[in-house]
Amino acid sequence: MLQSRLSCSLLARNVFGRGGRWWHFALIFAVLLWVSTSTLTPRRFRFRVFKSSRPVGGPRSPVIRLPGGPNDLWTGRANEVRKAFAHAYRGYQRHALPYDELMPLTGGRVNNFHGWGVSMYDSLDTMWLMGLDDMFYDTMEDLAGQKFDLPPGEYAHFFEVVIRYLGGILSAYALSEDPRLLKQAEMLGEKLLPAFNTPSGFPVWGVNTRTGDTTYGGHDAQATTCMAEAFSNQMEFKYLAHITGNAKFFEATEKPMKAMYGREHIMHGGLFAKMWDLRTGKPNQTDFTAAGCTDSAYEYFLKQWLMTGQKELKMRDLYVRSANAIIEHLLYVGPRRQLLYSTDLNNGAATHHFQHLTCFLPALLALGTHTPGLKLSENEKKRHQWAAEGLANTCWVVYADTTSGLSPDKFVMEKWGEPERGRWVERVAEWEEAQAQNMKLGTLPPGVKDVKPEGEEKARGYTASADMYLLRPEVVETFYIMWRTTGDVKWRERGWAVFQALEKNTKTKYGYTSVRYVDDRNYKPYQKDDMPSWFLAETLKYLFLLFTDEELVPLDKWVFNTEAHPLPVFNWTKKEIEDYGIDVS
Ligand SMILES: *[C@@H]1O[C@H](CO)[C@@H](O)[C@H](O)[C@H]1NC(C)=O
Ligand SMILES: *[C@@H]1O[C@H](CO)[C@@H](O)[C@H](O)[C@H]1NC(C)=O
């Protein structure tokens, strides 16, 4: 420091001559300030934003130019999302790390997922894709030495740990090829394996990562599991088996899949029950839904097949049958604005409930129809595409309708006087028949067209049954996949509108927060003081990818797990096919 003060005063003398006393002191002061802040600021608070090259494989770091270039509009918007991510993650880093999540209003911290720092793990691949290299490597240091241990009597929630922690580590490994991540993935995978020790092979709710004790958890004493909790680990464990060469990971995760290939569990021609018995591996009741509790199971049928190079045809057939059955039995169109939605069926009766969570479905259908190897018939393909478009329009308009521009979490949809009149496949068939008779009904069937926003609550065709927005990603995920598969810029514009609503209503001093009362005319939404890690893993990642012109994560080379962690498409080797007994017929 002495050195710099000396040379600085010499410099000042040279530049300003004898008369430069005032400048002399100002310069000394500025240099002292610079030296002290740069030595006092811990390494983790610094990051470089722009970077152009990657040391290793995986998608390259984006070169986001500042506005002024040929694509200044969208590159500028991508950059705004990156700034939002940096704001949110730095808030977490300064105030909450190594706890799981930040409390963004008060600057507090909370452990929701076993205290292993879930926001770090969920953020790694987003940092990589955004080109935030310093932040990535600082975070690698922050999570070094993690043992994923728990005291006896505490249980890790298997499903959440797989999709957030394991998925996050595997994706960051695939992108950066950093061997430290491979070691952590293998260790965590080993510690989670006891969850599969049930007579059916379906994983239990929770596992103690030190002793291997397990619990039925939330469904305790009942020995049942949600469909989604049993079938949202196959992408992670299969990729883990591939990169470690450890057959145990493959065998554990494939055992419940084998039960799915049998026809006896399929109802309504392709739907799977919500709840299953862990002892017998049989359905425990006959409620159906595409929302929470089954959602990502359907998602992983398609995505396992995509990730493992489209060779396992049983998996493809499982997806096609399920998607057809969802379209046939769960999709309804409302009477007022012809909003397309997916209902729950409880004991055979449609509830006409719809959830923000179900907005993953248009993305899934669009991804499927975008894949030639799926081999849909012309008729199926049209229905899948229309359903994706119609559902995505509904998922947009529930944002556009509200005063905040953010969507409620749950809805009750208006039904027809004769409710079955809303069955979408029947309306489509009717429309096609009329179309065949040249009745000039336009080029799109009911439930597919764009819908205008409606400020008047009574005229909307639904009521909100949970008026909160939890920073959820499903709708921007759908915008991203719709944009990539259709090229229609309206999906980007809608994503930008959502981002602006996020900035306006959810940004706080420390990060971004969930809000309540998204549609109150008199008040700003009430801020809830939580920032779920999926906001960093999914919401901001999909928005960023929606705005970058370059396709950083090509859909034919990468597959997103249900927490938006991209895993690479790979082929099983000959040895794996033999050792694991994989059916690639
Ligand atoms: C579902 O599980 C519960 C609790 O184990 C049990 O009481 C009920 O009989 C089961 N229902 C069916 C249809 O298996
Ligand atoms: C997988 O194998 C197919 C040939 O069956 C090949 O075209 C493709 O490039 C391979 N994919 C990868 C990721 O190696």
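The first residue of the sequence shown is numbered 1, and numbering continues consecutively from there. Both counts, for ligands and for their atoms, begin at 1 and track the order of listing.
Contacts of ligand 2 (protein heavy-atom distance under 4.0 Å) are K311, V569, N571.
At least one cation-pi condition fails for R383 and W386: the charged atom is not both under 6.0 angstrom from the six-membered ring centre and inside a 45 degree cone around its axis. Because its NZ or CZ atom is not both nearer than 6.0 Å to the ring centre of F499 and within 45° of the ring axis, R77 does not count as a cation-pi partner of that residue.
Shown here is K490, whose NZ atom has more than 12 heavy atoms of other residues, nucleotides or ligands within 6.0 Å.
Less than 6.0 angstrom separates the ring centroid of Y121 from the ring centroid of F148.
Checked for salt-bridge contact, E576 and K311 miss the test: no charged N lies under 4.0 Å from a carboxylate O.
A donor and an acceptor atom, one from each side chain of R321 and N324, are nowhere located under 3.5 Å apart.
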